[in-house]
Amino acid sequence: MREHGFFSRTNRVGWTSAIGLALLTIIAALVAFAWLPSAQADYRAQGLWDSICRAAGVPARWLEGSPRKDSADVVATNVVLLPAMARTASPASVGRGATLALNCTMCHGALGLSRSDAPNLAGQYPEVIRKQMLDYQSGKRTSAIMAALARNLTEENIADLAAYYASLPKARTAPTTYDETLPALVRVGDPMRNIAPCISCHGGIDQKLGAPWLEGMPKPYLVQQLEDFKHGQRKNDGQQQMRNVARPMTAQEIDSVAGFYARKALPGHH
Ligand code: HEC
Ligand code: HEC
């Protein structure tokens with residue numbers, strides 16, 4: 001009898017800890033599989049799934065095309081940037097673009113220089129305008145205003161608008177050229193934190209296809225975009241170039257590089 005009682009008691013203890021363990025496992029699994037990927041879906045989920053799959057011996061390739069909830073988010077953009085998108089367009093295309101742009105002047109200014117805090121479009125690289133418009137259309141870049149405006153445009157309309165805006169003179173801002181007075185993050189980045197220098201993509205050393213002209217943009221707009229990249233609210237950068245740059249930046253650094261690019265200087269000056 002005593003023995004029986006003893007055993008049933010340990011059994012009960014055993015069951016309690018087994019249930020506790022099961023609960024812990026479930027919670028841990030929920031955190032690992034559901035919460036972490038959704039909280040940090042834009043950059044961690046892929047790697048997390050990859051390591052889970054590698055550990056479990058499942059080829060990561062199997063995941064491609066699987067109907068995971070966030071699978072749409074893993075693809076940053078549907079736009080494939082082609083060098084041809086950056087070529088000078090025909091005068092006819094510019095003319096059609098000018099007519100279509102009458103719907104845009106309210107916010108982007110009569111000559112593509114915004115007087116509100118919308119981005120300037122004057123002199124913007126045509127492939128940038130095309131990519132961003134297509135991303136608004138597909139929802140890869142989110143803006144209620146721009147999604148509504150992009151919805152009814154054809155790809156040709158968008159190419160014409162890009163041609164028109166690219167043909168307009170830029171704000172009176174000097175391009176950034178390399179010199180020792182440039183802010184450190186702009187000039188050399190911060191290798192310790194994996195921040196590549198802005199001028200290696202945005203002009204100064206190199207202008208990468210699809211990297212926007214930033215000089216003379218409204219400062220609040222630049223701050224907002226950097227904050228959005230930092231927190232993953234904007235994630236239409238194809239290779240996560242901008243999310244990787246902005247993630248380690250402090251609010252103060254964002255404010256200072258935005259101030260640098262927002263400068264309004266005459267050509268030949270900084
Ligand atoms: C009611 C105001 C408004 C109108 C009208 C408008 N835009 Fe915009 N546009 C904005 C705002 C605000 C943003 C920034 C949105 C964001 O944060 O993504 C923007 C962003 C953009 C961008 C991205 C620029 C960049 O540097 O990344 C492009 C390109 C653009 N608009 C083109 C157009 C075109 C072309 C039209 C006309 C068909 C148009 N917009 C009409 C307010 C407007
Ligand atoms: C590795 C290349 C690269 C580096 C380095 C880089 N950028 Fe970018 N940046 C891009 C690309 C590409 C885009 C366009 C992303 C997209 O397709 O939407 C972009 C977009 C931006 C935008 C949004 C502009 C707009 O009008 O939509 C801002 C602001 C910006 N970068 C600021 C910076 C600053 C400031 C730095 C340096 C601290 C920097 N970038 C470094 C490649 C880079």
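Scope of the values below: all heavy atoms of this structure, side chains included, with no hydrogens, waters or symmetry mates. Nothing fancy with the numbering, it's 1 onward along the sequence. Both ligands and their constituent atoms are indexed starting at 1 by order of listing.
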message: When you measure from the heavy atoms of Gly210 to every atom of ligand 2, does any distance fall below 4.0 Å?
response: yes
task: Check each atom of ligand 2 against the heavy atoms of Ala196 and keep those under 4.0 Å away; list them by number with element.
output: 5 (C)
- line: Looking only at protein heavy atoms, what sits closest to atom 19 (C) of ligand 2 is Met242 CG, 3.1 Å
message: Distance under 4.0 Å to a non-hydrogen atom of Leu222: what atoms of ligand 2 satisfy this?
response: 29 (C)
- request: Output the list of atoms in ligand 2 that are nearer than 4.0 Å to some heavy atom of Cys201, sorted by atom number.
  value: 1 (C), 2 (C), 3 (C), 4 (C), 5 (C), 42 (C), 43 (C)
- prompt: Nearest non-hydrogen atom to atom 34 (C) of ligand 1 belongs to which of Cys107, Ala162, Cys104, Gly97?
  reply: Cys104
- prompt: Any luck finding a side-chain donor-acceptor pair between Asp135 and Thr77 under 3.5 Å?
  reply: yes
- request: Would you please determine whether Ala246 falls within less than 4.0 Å of ligand 2 on a heavy-atom basis?
  value: no
message: So for atom CG, which belongs to Asn194, do other residues, nucleotides or ligands contribute more than 12 heavy atoms lying within a distance under 6.0 Å?
response: no
query: Under a single-linkage definition using a 4.5 Å side-chain heavy-atom cutoff for Ile, Leu, Val, Met, Phe, Trp and Tyr, are Leu209 and Trp213 assigned to the same hydrophobic cluster?
result: no
- prompt: If we ignore angles and hydrogens, is there a donor and acceptor under 3.5 Å between the side chains of Asn120 and Ser114?
  reply: no
Ser143-Arg234 side chain donor-acceptor pair, cut-off 3.5 Å: no
- line: To atom 18 (O) of ligand 2, the nearest of Arg243, Arg141, Lys235, Arg234 on a heavy-atom basis is Arg234
message: Measuring from atom CG of Leu149 to atom CE of Met106, what distance do you get when rounded to the nearest 0.5 angstrom?
response: 7.5 Å
- prompt: Going from CZ on Arg87 to CD on Glu127, what distance comes out if it is rounded to the nearest 0.5 angstrom?
  reply: 11.5 Å
query: Among the heavy atoms of Gln124, does any lie under 4.0 Å from an atom of ligand 2?
result: no
statement: Ranking Tyr136, Tyr164, Tyr125, Trp213 by closest non-hydrogen atom to atom 22 (C) of ligand 1, top hit is Tyr136
Between NE2 on residue His108 and CD1 on residue Ile129, distance to nearest 0.5 Å: 9.0 Å
query: At the 4.0 Å heavy-atom cut-off, does Glu253 count as touching ligand 2?
result: no
- request: Please identify which atoms of ligand 1 are closer than 4.0 Å to at least one heavy atom of Leu161.
  value: 35 (C)
Contact atoms of ligand 1, heavy-atom distance to Ile145 under 4.0 Å: 1 (C), 2 (C), 3 (C), 43 (C)
task: Under 4.0 Å, heavy atoms only, figure out whether ligand 2 is touched by the backbone of Ile195, its side chain, both or neither.
output: neither
- line: of all protein heavy atoms, closest to atom 17 (O) of ligand 2 is Lys131 NZ, 2.7 Å
message: Checking a contact table here: which protein heavy atom is nearest atom 15 (C) of ligand 2, and how many Å away?
response: Asp237 CB, 3.8 Å
task: Note the single closest protein heavy atom to atom 38 (C) of ligand 2, along with its residue, its atom name and the distance in Å.
output: Cys198 SG, 2.6 Å
query: Among protein heavy atoms, which lies nearest atom 28 (C) of ligand 1, and at what distance?
result: Leu121 CD2, 3.7 Å
query: Should Glu215 and Lys264 count as an ion pair when the cut-off is N to O under 4.0 Å?
result: no
- prompt: In Å, rounded to the nearest 0.5 Å, how long is the span from CG of Leu100 to CG of Asn157?
  reply: 5.0 Å
message: Could you tell me, atom by atom, which parts of ligand 2 come under 4.0 Å of a heavy atom of Leu226?
response: 32 (C)
- prompt: Please state which protein non-hydrogen atom is closest to atom 5 (C) of ligand 2 and give its distance, to 0.1 Å?
  reply: Pro197 O, 3.4 Å
query: Of the protein's non-hydrogen atoms, which lies at the shortest distance from atom 13 (C) of ligand 1, and what is that distance?
result: Pro119 CD, 3.6 Å
message: Report whether any nitrogen, oxygen or sulfur of His108 sits less than 2.8 Å from atom 8 (Fe) of ligand 1 (N, O or S, backbone or side chain).
response: yes
message: For the 3.5 Å polar cut-off, considering only N or O atoms, please tell me whether Gln225 and ligand 1 meet it.
response: yes
- prompt: N/O of Tyr221 under 3.5 Å from N/O of ligand 1, yes or no?
  reply: yes
message: What I'd like to find out is whether the side chain of Tyr261 reaches to under 4.5 Å of the side chain of Thr176, using heavy atoms alone.
response: yes
statement: Quick note on ligand 2: atoms under 4.0 Å from a heavy atom of Val257 include exactly 35 (C)
message: Side-chain heavy atoms nearer than 4.5 Å, only ILVMFWY residues, links allowed to pass through others: does that put Met85 and Tyr136 together?
response: yes
statement: ligand 2 to Gln132, heavy atom cutoff 4.0 Å, flagged ligand atoms 16 (C), 17 (O), 18 (O)
Nearest-contact summary for atom 12 (C) of ligand 2 - protein heavy atom, Å: Gln241 NE2, 3.5 Å
task: Could you establish whether Lys208 and ligand 2 come within less than 4.0 Å of each other, counting only heavy atoms on the residue side?
output: no
query: Ion pair present between Lys219 and Asp117, side-chain N to carboxylate O less than 4.0 angstrom?
result: no
message: Which of the numbered atoms in ligand 2 are under 4.0 angstrom from any heavy atom belonging to Asn236?
response: 16 (C), 17 (O), 18 (O)
message: Does any part of the side chain of Asn78, heavy atoms only, come nearer than 4.5 Å to the side chain of Leu134, both counted from C-beta?
response: no
task: Using a 4.5 Å cut-off on heavy atoms from C-beta on, say whether the side chain of Gln239 contacts that of Asn244.
output: no
message: For the CD atom of Gln224 and the CZ atom of Phe229, what is their distance to the nearest 0.5 Å?
response: 11.5 Å
- prompt: Taking the side chain as C-beta and beyond, is there a heavy-atom pair between Arg187 and Glu180 under 4.5 Å?
  reply: yes
query: Does ligand 2 have any atom that is closer than 4.0 Å to a heavy atom of Pro212?
result: yes
- prompt: Of all the non-hydrogen atoms in the protein, which one sits nearest to atom 6 (C) of ligand 1, and at what distance?
  reply: Leu149 CD1, 3.3 Å
- prompt: So, is Met146 placed with an N/O/S atom under 2.8 Å from atom 8 (Fe) of ligand 1, counting both backbone and side chain?
  reply: yes
query: If you measure every N/O of Asn120 against every N/O of ligand 1, is any gap under 3.5 Å?
result: no
- prompt: Is it true that Glu253 and Arg193 make a salt bridge, defined as a side-chain N closer than 4.0 Å to a carboxylate O?
  reply: yes
Atom 31 (N) of ligand 2: nearest protein contact (heavy atom, Å): His202 NE2, 2.9 Å
message: side-chain contact (heavy atoms from CB on, under 4.5 Å), that's the test. Do Ile199 and Tyr178 meet it? Break it down for me.
response: CA-CA 8 Å; Ile199 57 171; Tyr178 184 91; 3.6 Å; yes
field: Short N-O contact, Arg96 and Glu156, less than 4.0 angstrom
entry: yes
message: Please list, in number order, the atoms of ligand 2 under 4.0 Å from a heavy atom of Met217.
response: 26 (O)
